[in-house]
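Below is one structure; the comments refer to it alone.
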Amino acid sequence: MRLNDEQQMLQDSVARLMADKGPVSRLRELRDSRDEKGYDQPLWQAMVEAGLTGILVPEEHGGIAFGLVGAGLVAQEIGRNLSVTPFLSTAVLGATALSTGATAEQQSKWLPAIAEGTALVALAVDEGAKHRPDSLNTRYEGGKISGDKLLVLDGHVADLLLVAATDGSDSALYLVDPKASGVTIERTIMADNRNAARIQFDNVEAEPMADGAAALQAALRAGRAVLAAELAGLSREVFERTLGYLKERKQFGRLIGTFQALQHRAAQLMIDVTMTEALALQALDACDNNADDADAQVFAAKGKAARTALLAGQEGVQMHGGIGMTDEFDIGFFLKRARAGGETLGDANFCADRFATLGGY
């Protein structure tokens, strides 16, 4: 698909915003200062002012309802700059879940707060090192939840937890106050220096949604599609940085970009990056249009994006040579994010398996 004028304007404005207020240097500053919240608060406020926090919030609740293509364009620029924000956890996963399955009262309370930037939301699904949303041990019984969750993005700063649990038959999302009795939150930091909490629920009061099962599936689909776009943006940035380095670094009296072996590797990476961008954009558009094969397209895009981002990061580090291995050089941050983002909400193997199961091959 081709971007329309409004989408192109959005992409251009977000590119300027992220480059100005959320560059890679801010990630380094947040890491080195051991910031207690772990995300770029000035950037998040700028995103609030630009309306980006409400990009998936319906207009009647104060959002701009720009659709997943719009959210993906924002994520691409986040990926290119490694900007550290709660955009995925709150503006995508949280907003999608609440818009899809929450009661009218729940929507009126939380969706305007998301759009206004006064509330952060965290989705608690995973219980092990790998993403397995169909194998939940967290139980919902008698209005209360018990269980353990890992890798809860922005869980330690959330004002609302959306917890995936099973009542013995179906898996669904439930609203939990992070300050409620029985909730224990431990902040952890992933390899890419982003927040991911470990949370224990011991007989905690939980509020069901109107359709928590639909909310869970919608949130996961949206999250995977937007993550694919973020990883595509990351891959594009690594490719361009690496290509620039090949054109300026000399070895044996020649620019290393003139070496045929490196030219072939760069060409292959360009093909993979271009294909990943196309798959991600197509999947986002399929979700916005409720296409019959939207789920299959999302799994294809997320799986490809995970592999391409990892390849781009590895190639980027290697083709930069020894300097690429140092902490003082930014390229390593992209590889770390590629690894963490590729695993989030399902790695390449998980997505390939789901894609095949859906008959997408």
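Numbering of residues begins at 1 and proceeds along the displayed sequence. Values below: all heavy atoms of this structure, side chains included; hydrogens, waters and symmetry mates excluded.
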Counting distance only, does the side-chain N/O of [X] pair as donor-acceptor with the main-chain N or O of [Y] below 3.5 Å?
{"X": "Ser13", "Y": "Leu10", "answer": "yes"}
{"X": "Thr90", "Y": "Val121", "answer": "yes"}
{"X": "Arg224", "Y": "Leu345", "answer": "yes"}
{"X": "Asp288", "Y": "Val69", "answer": "yes"}
{"X": "Ser89", "Y": "Pro86", "answer": "yes"}
{"X": "Asp126", "Y": "Gly128", "answer": "no"}
{"X": "Thr326", "Y": "Ile323", "answer": "yes"}
{"X": "His156", "Y": "Gly38", "answer": "no"}
{"X": "Asn289", "Y": "Asp285", "answer": "yes"}
{"X": "Glu207", "Y": "Val176", "answer": "no"}

Worksheet item: Strictly by modelled atom types, are Asn4 and Gln8 linked by a side-chain donor-acceptor pair under 3.5 Å?
Response: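 No, no side-chain donor-acceptor pair sits under 3.5 Å.
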
Worksheet item: Are side-chain N/O atoms of Asn349 and Arg307 paired as donor and acceptor at under 3.5 Å?
Response: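 Present: a donor and an acceptor within the cut-off.
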
Electrostatic pair [X]-[Y], nearest N-O below 4.0 angstrom:
{"X": "Arg80", "Y": "Glu240", "result": "yes"}
{"X": "Glu230", "Y": "Arg337", "result": "yes"}
{"X": "Arg241", "Y": "Glu237", "result": "yes"}
{"X": "Asp192", "Y": "Lys336", "result": "no"}
{"X": "Arg265", "Y": "Glu315", "result": "yes"}
{"X": "Lys130", "Y": "Asp347", "result": "yes"}
{"X": "Asp20", "Y": "Arg26", "result": "no"}
{"X": "Asp295", "Y": "Arg221", "result": "yes"}

In terms of heavy-atom contacts, does [atom1] of [X] have more than 12 from other residues, nucleotides or ligands at under 6.0 Å?
{"X": "Asp32", "atom1": "CG", "result": "yes"}
{"X": "Asp5", "atom1": "CG", "result": "no"}
{"X": "Gln251", "atom1": "CD", "result": "yes"}

Worksheet item: When you look at Arg31 and Asp327, which way does the salt bridge (charged side-chain N to carboxylate O under 4.0 Å, His left out) test go after all the steps?
Response: CA-CA 12 Å; Arg31 183 200 64 173; Asp327 184 72; 2.7 Å; yes

Discussion item. Parallel, tilted or perpendicular: which one describes the rings of Phe350 and Phe299, with boundaries at 30° and 60°?
Written reply: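 It falls in the perpendicular class, over 60°.
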
Discussion item. For His320 and Phe329, take the angle between the two ring planes, folded into 0 to 90°, and tell me which bin it lands in: parallel under 30, tilted 30 to 60, perpendicular over 60.
Written reply: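 The arrangement is tilted - the two ring planes meet at 30° to 60°.
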
Worksheet item: Taking side chain as C-beta onward, heavy atoms only, is Arg354 less than 4.5 Å from Val298?
Response: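 No, every pair of side-chain atoms sits at 4.5 Å or beyond.
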
Worksheet item: Do Val92 and Phe87 come within less than 4.5 Å of each other through their side chains, counting heavy atoms only?
Response: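 Val92 vs Phe87: side chains touch.
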
Practice prompt. Only one of Thr242, Leu243, Ile331 passes side-chain contact (heavy atoms from CB on, under 4.5 Å) with Met319; say which it is.
Written response: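 Result for side-chain contact (heavy atoms from CB on, under 4.5 Å) with Met319: Thr242.
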
Fill in: Single-linkage hydrophobic cluster Leu281~Met9, side-chain heavy atoms < 4.5 angstrom
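Looking at the clustering, Met9 is in a separate group from Leu281.
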
Discussion item. Please tell me whether Val238 and Leu231 are part of a single hydrophobic cluster in this structure, the criterion being side-chain heavy atoms less than 4.5 Å apart.
Written reply: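 No: no chain of side-chain contacts under 4.5 Å links Val238 to Leu231.
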
Fill in: Identified salt bridge (charged side-chain N to carboxylate O under 4.0 Å, His left out) partner of Arg28 from the options Asp35, Asp330, Asp40
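For Arg28, the salt bridge (charged side-chain N to carboxylate O under 4.0 Å, His left out) check succeeds only for Asp330.
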
